[in-house]
Amino acid sequence: MATSPLASSSLQFSLSFPSTTTSITTTTHRFPKLPNLGPSPSISPLISHRNSTSRRTTPPVPNKPHFRLFAKSPFVFGKTKRGMAMVTITDDKYIAGILLSSVLFGFSLFCVLSRRNRRIDQKQQHADRPRYEIRSDPAGDSECKASRDGSQTDVIVVGAGVAGAALAHTLGMDGRRVHVIERDLTEPDRIVGELLQPGGYLKLIELGLQDCVDKIDAQRVFGYALFKDGRRTRVSYPLEKFDSDVAGRSFHNGRFIQRMREKAASLSNVRLEQGTVTSLLEENGTIQGVQYKTKTGEVLKAYAPLTVVCDGCFSNLRRSLCSPQVEVPSCFVGLVLENCQLPFPNHGHVILADPSPILFYPISSTEIRCLVDVPGQKLPSIASGEMANYLKTVVAPQVPPELHDAFLTAIDKGHIRTMPNRSMPAAPHPTPGALLMGDAFNMRHPLTGGGMTVALSDIVVLRDLLKPLPNLNDAESLCKHLDSFYTLRKPVASTINTLAGALYKVFCSSSDQARNEMRQACFDYLSLGGVCSNGPVALLSGLNPRPLSLVLHFFAVAIYGVGRLLTPFPSPKRLWLGARLISGASSIIFPIIKAEGAMQMFFPTTVSSSPPQK
């Protein structure tokens with residue numbers, strides 16, 4: 001094998017967790033060919049076997065079962081048999097910067113962690129939280145015409161959105177008798193929930209719902225295109241090892257939901273009813289069912305051993321089952337561009353604009369959705385024309401030339417929609433007889449389009465937990481199985497949630513020079529290709545939702561940014577800016593991990609399902 005021009009000398013240093021010892025060694029060797037790492041074990045049953053032959057040509061060194069990843073980048077990550085993260089530097093001009101940045105990273109991390117004060121007020125929050133929402137029936141129980149016999153219904157599902165409809169079909173296919181109560185059964189019209197990542201599509205296949213993206217003019221999505229300051233780069237989903245049908249899907253949200261509702265309603269043991277659930281019915285600390293009003297105004301009660309609340313981001317029942325801490329960091333302004341072509345067909349487009357990102361992606365063969373992120377909750381007025389003026393003067397100059405005219409035309413048509421972007425960590429109060437799911441339970445910034453992936457993944461977890469139970473009326477066994485739900489969902493959900501929150505903060509412009517350096521470093525890091533783009537995109541797409549991989553790539557971006565600052569020669573000003581960059585990166589990701597629950601996220605089997613401390 002020919003020796004690589006970079007193979008003559010390489011510098012390696014290892015970051016061992018949780019140890020604080022840093023070891024530096026110098027080695028001279030030939031690089032082995034990049035091994036075929038394969039996909040995540042959790043989705044291996046759906047992988048095509050057409051390329052099953054191993055590509056590794058050089059066997060590993062005896063008694064040292066480890067691998068190294070090499071790419072055309074200043075450094076890449078691997079792991080050793082002791083679980084250590086390895087960085088290999090293959091570009092001499094980055095050596096000084098990387099060494100100094102590593103020292104700065106360790107010092108900054110120590111400072112950040114040393115300032116944290118652990119405030120344990122969980123007991124007080126639990127005492128102050130509202131109890132179950134139970135409303136007295138003004139008409140009296142005699143007018144509530146629903147049977148209390150548990151044999152009538154196994155599961156009540158509140159809401160028939162993406163989560164509710166998919167759950168109803170899944171449990172119905174398992175033979176459960178499901179009663180779905182949805183406030184409005186007409187086709188929804190939303191400007192979010194229109195992009196399903198490949199990881200979510202794999203879950204859709206696992207649930208037998210993949211045909212719900214057929215006959216709605218859904219478009220296949222193969223990756224993203226990034227734009228910044230006149231530069232553009234494309235990053236593709238790592239789909240080489242999957243069947244040709246596996247890709248992202250983008251569509252009209254309402255059409256997708258209607259297809260799932262129709263499929264759920266086609267099962268004889270699934271009952272779909274229009275009504276508004278007003279309260280949960282509690283008896284001796286256990287949720288027995290719900291009280292609701294039909295579309296004719298009649299007040300009824302429905303009973304079942306299990307009630308699953310998935311009534312969306314505006315849920316009026318979530319306070320009964322969790323401690324919601326909803327944040328609204330920004331709002332989306334939505335437009336539909338017609339009869340134009342994206343610069344990169346079948347790709348989502350992210351413009352790193354000022355002050356925050358702009359998204360473009362196809363939702364049909366003739367329509368492109370544009371979402372303009374506006375920080376804060378106060379928007380320019382649409383009625384007075386302030387919004388149109390803002391879009392034309394501030395946003396339009398930053399739109400790619402290929403879409404500029406269609407963007408202005410869409411503004412002139414006047415069909416401008418807005419939607420607040422909500423973020424809410426999962427903080428459940430495990431309650432016998434009830435469960436939260438979907439946006440009613442957990443939300444993240446929609447920048448990465450991960451909401452439907454999390455919801456479908458949760459449904460797979462719940463289905464597998466309930467399968468061993470032939471009879472849900474066994475309250476004790478049901479409680480034991482449901483207690484595991486909040487724990488088992490955590491690694492996948494927390495990884496996608498953390499990535500969404502961190503990426504949004506990195507992609508927004510800032511008056512802080514260190515934050516802008518982090519933004520530029522992220523763009524350049526993804527532009528490197530190889531493991532530097534495949535790793536983050538695998539996280540974003542839900543194909544490899546591993547928390548440790550997320551943290552490693554996030555700080556790889558930060559270290560790469562410091563390396564850029566300190567080359568060719570470091571100066572005191574650049575050293576200080578590099579320290580601020582690392583500190584800023586820590587201040588972005590650590591609070592998000594803390595809100596998600598660090599122990600539940602990284603070590604889910606060692607903790608209970610109680611909510612993380614605030």
Checklist entry - Hey, does the side chain of Gln197 reach the backbone of Ser541 with a donor-acceptor pair shorter than 3.5 angstrom? => result no
Checklist entry - Hey, what do you get for CG (Asn497) to NE2 (His445), rounding to the nearest 0.5 Å? => result 13.0 Å
Checklist entry - With a 4.5 Å heavy-atom cut-off, do Met601 and Pro491 have their side chains touching? => result no
Checklist entry - Any idea which heavy atoms bring Gly334 and Leu371 closest together, and the distance? => result CA-CD2, 3.9 Å
Item to check | Backbone N/O of Phe332 and side chain of Asp373: donor-acceptor pair under 3.5 Å | outcome: no
Next on the checklist: In terms of relative ring orientation, are Tyr224 and Tyr237 parallel, tilted or perpendicular, with 30° and 60° separating the classes?
Outcome noted: perpendicular
Item to check | Rounded distance (nearest 0.5 Å) linking atom CG of Leu306 with atom NE2 of His481 | outcome: 12.5 Å
Checklist outcome for this item: Distance col, row Leu195:CG vs Thr453:OG1, nearest 0.5 angstrom, shows 8.0 Å
Checklist entry - Are any side-chain N or O atoms of Arg249 and backbone N or O atoms of Glu194, one a donor and one an acceptor, separated by less than 3.5 Å? => result no
Next on the checklist: Within the 4.5 Å heavy-atom criterion, are Val270 and Val180 side-chain neighbours or not?
Outcome noted: yes
Item to check | Side-chain (Arg176) to main-chain (Leu466) donor-acceptor, under 3.5 angstrom | outcome: yes
Checklist outcome for this item: Closest non-hydrogen atoms of Leu478 and Pro305, given as atom of the first, atom of the second and distance, are CD2-O, 3.6 Å
Item to check | Non-hydrogen side-chain atoms of Pro545 and Leu539 separated by less than 4.5 Å | outcome: no
Item to check | Ser423 vs Val326 side-chain heavy atoms within contact, under 4.5 Å | outcome: no
Next on the checklist: What verdict does the salt bridge (charged side-chain N to carboxylate O under 4.0 Å, His left out) test give for Arg261 and Glu187, after you've listed the backbone C-alpha separation in whole Å, the side-chain angles of each residue and the deciding distance to 0.1 Å?
Outcome noted: CA-CA 10 Å; Arg261 287 175 178 174; Glu187 182 176 310; over 6 Å; no
Checklist entry - Under 3.5 Å, side chain of Ser457 to main-chain N/O of Val454, donor-acceptor pair present? => result no
Item to check | Point-to-point distance, once rounded to the nearest 0.5 Å, from CG of Asn544 to CG of Asn534 | outcome: 11.0 Å
Next on the checklist: Taking Arg417 first and then Asp189, would you say they form a salt bridge - that is, a charged N and a carboxylate O separated by under 4.0 Å?
Outcome noted: yes
Checklist entry - Where do Ile257 and Ala160 come nearest, in terms of heavy atoms and distance? => result CG2-O, 3.7 Å
Item to check | Trace of the side chain to side chain contact (heavy atoms under 4.5 Å, CB included) decision for Cys212 with Phe256 | outcome: CA-CA 6 Å; Cys212 290; Phe256 179 58; 4.0 Å; yes
Item to check | Closest heavy-atom pair and its distance - Thr431, Gly285 | outcome: CG2-O, 4.2 Å
Checklist entry - Hey, does Val277 have a side-chain heavy atom less than 4.5 Å from the side chain of Leu317? => result yes
Next on the checklist: Can a donor-acceptor pair be found, under 3.5 Å and without considering hydrogens, that links the side chain of Lys263 to the backbone of Gly208?
Outcome noted: yes
Next on the checklist: Within a 6.0 Å radius of atom CE on Met419, are there more than 12 heavy atoms belonging to other residues, nucleotides or ligands?
Outcome noted: yes
Checklist entry - Taking everything shown except Arg463 itself, do over 12 heavy atoms lie less than 6.0 Å from its CZ? => result yes
Checklist outcome for this item: Distance col, row Asp311:CG vs Ile181:CD1, nearest 0.5 angstrom, shows 11.0 Å
Next on the checklist: If you apply the rule side-chain hydrogen bond (donor to acceptor under 3.5 Å, both in side chains), what do you find for His169 with Ser266, and how did you get there?
Outcome noted: CA-CA 9 Å; His169 176 269; Ser266 67; 5.9 Å; no
Next on the checklist: Could you tell me if His179 and Glu273 have a donor-acceptor pair between their side chains, going purely by distance under 3.5 Å?
Outcome noted: yes
Checklist entry - So, does Arg318 use its side chain to make a donor-acceptor pair with the main chain of Cys313 at under 3.5 Å? => result yes
Checklist entry - Hey, does Cys310 have a side-chain heavy atom less than 4.5 Å from the side chain of Val158? => result no
Checklist entry - Counting N and O atoms only, with roles assigned by atom type, does the side chain of Ser586 sit under 3.5 Å from a partner on the main chain of Ile582, one being a donor and the other an acceptor? => result yes
Next on the checklist: Please determine whether side chain to side chain contact (heavy atoms under 4.5 Å, CB included) holds for the pair Ile363 and Phe251, giving the CA-CA distance in whole Å, both sets of side-chain angles, and the decisive distance to 0.1 Å.
Outcome noted: CA-CA 4 Å; Ile363 54 175; Phe251 38 68; 5.9 Å; no
Item to check | Minimum side-chain heavy-atom gap Gln258-Arg255 below 4.5 Å | outcome: no
Checklist outcome for this item: Between Leu239 and Ala247, the two heavy atoms sitting closest are CD1-CA, 4.0 Å
Next on the checklist: Please check: side-chain N/O of Asn471 versus main-chain N/O of Asn473, any donor-acceptor pairing under 3.5 Å?
Outcome noted: yes
Item to check | Trace of the side chain to side chain contact (heavy atoms under 4.5 Å, CB included) decision for Leu202 with Leu543 | outcome: CA-CA 9 Å; Leu202 288 172; Leu543 295 173; 3.7 Å; yes
Next on the checklist: Within the 4.5 Å heavy-atom criterion, are Thr307 and Leu281 side-chain neighbours or not?
Outcome noted: no
Next on the checklist: Using modelled atom types and a 3.5 Å cut-off, is there a donor and acceptor pairing between side-chain atoms of Thr278 and backbone atoms of Gln291?
Outcome noted: yes
Checklist entry - Which heavy atom in Thr495 sits nearest to a heavy atom in Leu550, and how many Å separate them? => result O-CD2, 3.7 Å
Checklist outcome for this item: When rounded to the nearest 0.5 Å, the distance separating CD1 of Ile589 from CG of Leu499 is 8.5 Å
Checklist entry - Ring centres of Phe441 and Tyr486 under 6.0 Å apart? => result yes
Item to check | Flag for Thr186-Asp184: side-chain donor and acceptor within less than 3.5 Å | outcome: yes
Next on the checklist: Please determine whether a side-chain nitrogen of the Lys or Arg among Glu596 and Arg444 lies less than 4.0 Å from a carboxylate oxygen of the Asp or Glu.
Outcome noted: no
Next on the checklist: Does Arg369 qualify as a cation-pi partner of Tyr361, given the criterion of NZ or CZ under 6.0 Å from the six-membered ring centre and within 45 degrees of its axis?
Outcome noted: no
Checklist entry - Does the side chain to side chain contact (heavy atoms under 4.5 Å, CB included) test come out yes or no for Ser279 and Val290, once each step is laid out? => result CA-CA 6 Å; Ser279 63; Val290 299; over 6 Å; no
Checklist entry - Can you find a side-chain donor-acceptor pair between Asp245 and Tyr201 that sits under 3.5 Å? => result yes
